[in-house]
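Working notes, structure below.
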Amino acid sequence: MSNYKSQDSRMNTKYAVIFICIVALVIIEKESNILSRVSDKLIQRQTPQQTLQTEDYNNPTHNDSLSVLKMLLSKLLGTKRNYSNLSDKLGNYSYSSGHKHILLMATTRTGSSFVGEFFNHHGENMFYLFEPLWHVERMLTLTTEANNGTVLAGIYRDVLQGLFLCDFSPLEKFISPQPQDHVTPALFRRESSVSLCEEPVCTPVITDVFERYHCKSRRCGPLNLTLAAESCLSKQHRAIKTVRVRQLDTLRPLVEEPRLDVRVIQLVRDPRAVLASRMVAFSSKYQTWKTWAQDGQVPEDDEEVKRLKGNCDNIRMSAQVGLSQPPWLKNRYMLVRYEDIARYPMQKAEEMYRFTGIPFSPQAREWILRNTQTTQVASGIYSTQKNSSEQAEKWRFSIPFTLAQVVQRVCGPTMKLFGYRFVDDEKTLINKSVSLLEERLFV
Ligand SMILES: *[C@@H]1O[C@H](CO)[C@@H](O)[C@H](O)[C@H]1NC(C)=O
Ligand SMILES: *[C@@H]1O[C@H](CO)[C@@H](O)[C@H](O)[C@H]1NC(C)=O
Ligand SMILES: *[C@@H]1O[C@H](CO)[C@@H](O)[C@H](O)[C@H]1NC(C)=O
Ligand SMILES: *[C@@H]1O[C@H](CO)[C@@H](O)[C@H](O)[C@H]1NC(C)=O
Ligand SMILES: *[C@@H]1O[C@H](CO)[C@@H](O)[C@H](O)[C@H]1NC(C)=O
Ligand SMILES: *[C@@H]1O[C@H](CO)[C@@H](O)[C@H](O)[C@H]1NC(C)=O
Ligand SMILES: *[C@@H]1O[C@H](CO)[C@@H](O)[C@H](O)[C@H]1NC(C)=O
Ligand SMILES: *[C@@H]1O[C@H](CO)[C@@H](O)[C@H](O)[C@H]1NC(C)=O
């Protein structure tokens, strides 16, 4: 009898604990990622023998909180019990209805504007910003004393954090001329952000003088940053594209910020293609490279070559950090090659959305269809490749072989990591039946 009783009260205690956990969880719901932080900490603190059954937790979807609850329950009540069917009992309720924060991290000429559009056109639940750090870079590299990589990285991070939280004030300090009453006509590439060009952020034009006030699709007055922040707060998800963050590990405090649920997508491209593309896009800046190509001689200790090497090393080191899945980045990092997007835009977009935990919207799908000349074959398989991969390979005919060789020497380890094949002679470089891309899965 007394045995029964004590068992009974033990059960009651257990249910009380479960109840408390559930209540706590519901309270935390809106700040759901706090819970995943807690669990990150828990997991970090586990000794190997104590390792919990966290297969569910490792799932990159928005199940985190539930899995963590399961984990906490099994921790509290003894690990013998199996709580994997807890979700059945609680139904389909989402425990992280929270915001997602996507950082598209790239370098110039890697297709990042294009990939940014995948998120820009997600629909009414997305607030997208195109290169806000442009302002910071411009102001700080002008004032040379702040032109220090460490300092710059910290400022980038703070500005990004502000923007992810819909606070424009850290950015505002860098906008020139200084906004008046939080209103500016000078936000870099405002028209590249759907949310900054739609109602109510788009305010009526007062005068017709300033062409640049106007968004592409409609004429808008100068940007009221207060309205922009309000719009940002009203959206479920936020995405920022940037080519200015050099090292992924400088973002650690941002990723660990408990008010954010950050996902980083690093976009990379064959460095030979990037150089070829930059030589066209930034023609005057790359004059030295053209001269070298003509001379057939490249001084490898030249600053230009060192800069190329520095860029490649930064990209590689960032990817190595991401791919090594440190606890702070677990399920928060994805590497994508431009070449794969060119070949399979729809599939890659789906993968990226799946990774972010944001539903792949019909609007985004529609935008991609329209802009990749993707034709949906009856079988449902997307056939796209011919055209966009042709575009993606054009560089093979524009880059002088000498320069391709320099890139291979200087960026060798980076190319190997991402699966870009080396060429030993010019014939191979321009032989289209030779693929320079190894099939790779980055997980
Ligand atoms: C939750 O995780 C399970 C596996 O742990 C997975 O099968 C399921 O699709 C996930 N649900 C959502 C809504 O992500
Ligand atoms: C828990 O139960 C589920 C089925 O409900 C089973 O698939 C899973 O393997 C079990 N986990 C453990 C650790 O026993
Ligand atoms: C899981 O479901 C089975 C069958 O419905 C049930 O017997 C078991 O007690 C459940 N486990 C938990 C932890 O709720
Ligand atoms: C849970 O989701 C599944 C599939 O999305 C659906 O069939 C089911 O009815 C849902 N259950 C509840 C309780 O909402
Ligand atoms: C950059 O600033 C940091 C912190 O103020 C300092 O430790 C470092 O030496 C500086 N680096 C350079 C190259 O000036
Ligand atoms: C900007 O928008 C806010 C919020 O609607 C408004 O209060 C403010 O007056 C606007 N600023 C200007 C200069 O119009
Ligand atoms: C391929 O792309 C080019 C430019 O992007 C376009 O002009 C051409 O019509 C496309 N060809 C096919 C077959 O879709
Ligand atoms: C191009 O490469 C293919 C496959 O290696 C080879 O068979 C072909 O002869 C090459 N074409 C030329 C023009 O070198």
Side-chain angles (χ1 to χ4, degrees), residues 99 124-130 132 135 159 162-215 217-236 238 270 272-273 276 339 342-343 385-387 389-405 407-408 415-416 418-440:
H99 306 284
E124 58 189 18
N125 277 329
M126 176 65 75
F127 189 83
Y128 172 78
L129 291 173
F130 179 100
H135 293 284
V159 171
L163 293 172
F164 274 146
L165 293 167
C166 302
D167 176 6
F168 280 77
S169 50
L171 175 66
E172 223 176 310
K173 287 184 249 161
F174 296 99
I175 298 176
S176 169
Q178 186 73 31
Q180 301 292 308
D181 293 333
H182 310 292
V183 173
T184 176
L187 189 84
F188 180 63
R189 293 283 296 269
R190 169 193 181 174
E191 73 278 5
S192 299
S193 166
V194 168
S195 5
L196 296 183
C197 285
E198 65 185 9
E199 303 287 351
V201 185
C202 178
T203 53
V205 182
I206 304 156
T207 78
D208 243 345
V209 183
F210 298 104
E211 273 301 310
R212 66 183 167 171
Y213 287 3
H214 304 176
C215 288
S217 49
R218 64 210 313 172
R219 295 164 23 155
C220 303
L223 179 64
N224 180 333
L225 292 166
T226 312
L227 287 176
E230 283 169 8
S231 162
C232 173
L233 283 169
S234 75
K235 313 262 174 173
Q236 179 91 11
R238 289 130 207 186
D270 189 324
R272 294 168 298 193
E339 292 80 3
R343 294 189 299 164
Q385 288 92 326
K386 232 181 185 168
N387 212 330
S389 59
E390 235 167 65
Q391 293 296 320
E393 294 222 283
K394 269 166 108 181
W395 67 270
R396 294 175 64 171
F397 302 92
S398 76
I399 193 170
F401 179 65
T402 337
L403 299 191
Q405 276 182 308
V407 178
Q408 291 179 171
M415 291 176 57
K416 280 203 192 98
F418 300 138
Y420 298 125
R421 290 202 181 100
F422 292 54
V423 291
D424 296 328
D425 50 60
E426 181 159 17
K427 253 198 191 147
T428 316
L429 177 63
I430 59 173
N431 183 345
K432 276 192 186 173
S433 35
V434 179
S435 167
L436 299 187
L437 198 62
E438 285 166 21
E439 295 304 327
R440 284 281 172 88

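Just so you know, ligand 1 is whichever comes first in the structure, and atom 1 is the first atom listed for that ligand.
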message = Is C202 disulfide-linked to C220, taking SG-SG under 2.5 Å as the test?
response = yes
inquiry  = Using every non-hydrogen atom in the two residues, find where A229 and C166 come nearest and quote the distance to one decimal.
reply    = CB-O, 3.4 Å
inquiry  = Please list, in number order, the atoms of ligand 8 under 4.0 Å from a heavy atom of S433.
reply    = 1 (C), 2 (O), 3 (C)
request  = With heavy atoms of V434 as the reference, note each atom of ligand 8 found under 4.0 Å away.
outcome  = 2 (O)
request  = Report the residues that fulfil side chain to side chain donor-acceptor pair (under 3.5 Å) with Q178, sequence neighbours left out, ordered by chain and then residue number.
outcome  = none
May I have the N/O to N/O pairs between ligand 6 and the protein that fall below 3.5 Å, each with atom names and distance to one decimal?
{"unit_1": "ligand 6", "atom_1": "2 (O)", "unit_2": "N224", "atom_2": "OD1", "d": "3.3"}
{"unit_1": "ligand 6", "atom_1": "2 (O)", "unit_2": "N224", "atom_2": "ND2", "d": "2.3"}
{"unit_1": "ligand 6", "atom_1": "11 (N)", "unit_2": "N224", "atom_2": "ND2", "d": "3.0"}

query = Do F418 and R440 touch side chain to side chain, with heavy atoms closer than 4.5 Å?
reply = no
Distance-only check: which donor-acceptor pairs under 3.5 Å involve side-chain atoms of residues 167-174, not counting sequence neighbours?
{"unit_1": "D167", "atom_1": "OD1", "unit_2": "S169", "atom_2": "N", "d": "2.9"}
{"unit_1": "D167", "atom_1": "OD1", "unit_2": "S169", "atom_2": "OG", "d": "2.5"}
{"unit_1": "D167", "atom_1": "OD2", "unit_2": "S169", "atom_2": "OG", "d": "3.3"}
{"unit_1": "E172", "atom_1": "OE1", "unit_2": "H182", "atom_2": "ND1", "d": "3.0"}
{"unit_1": "E172", "atom_1": "OE2", "unit_2": "H182", "atom_2": "ND1", "d": "2.7"}

task = Go through the structure and list residues passing ring-ring contact (aromatic ring centres under 6.0 Å, His included) with F188, not counting sequence neighbours.
result = W134
query = Would you say N431 has any N or O atom under 3.5 Å from an N or O of ligand 8, going by distance alone?
reply = yes
request  = Mind checking the NZ-NE2 spacing from K235 to H99? Nearest 0.5 Å is all I need.
outcome  = 12.5 Å
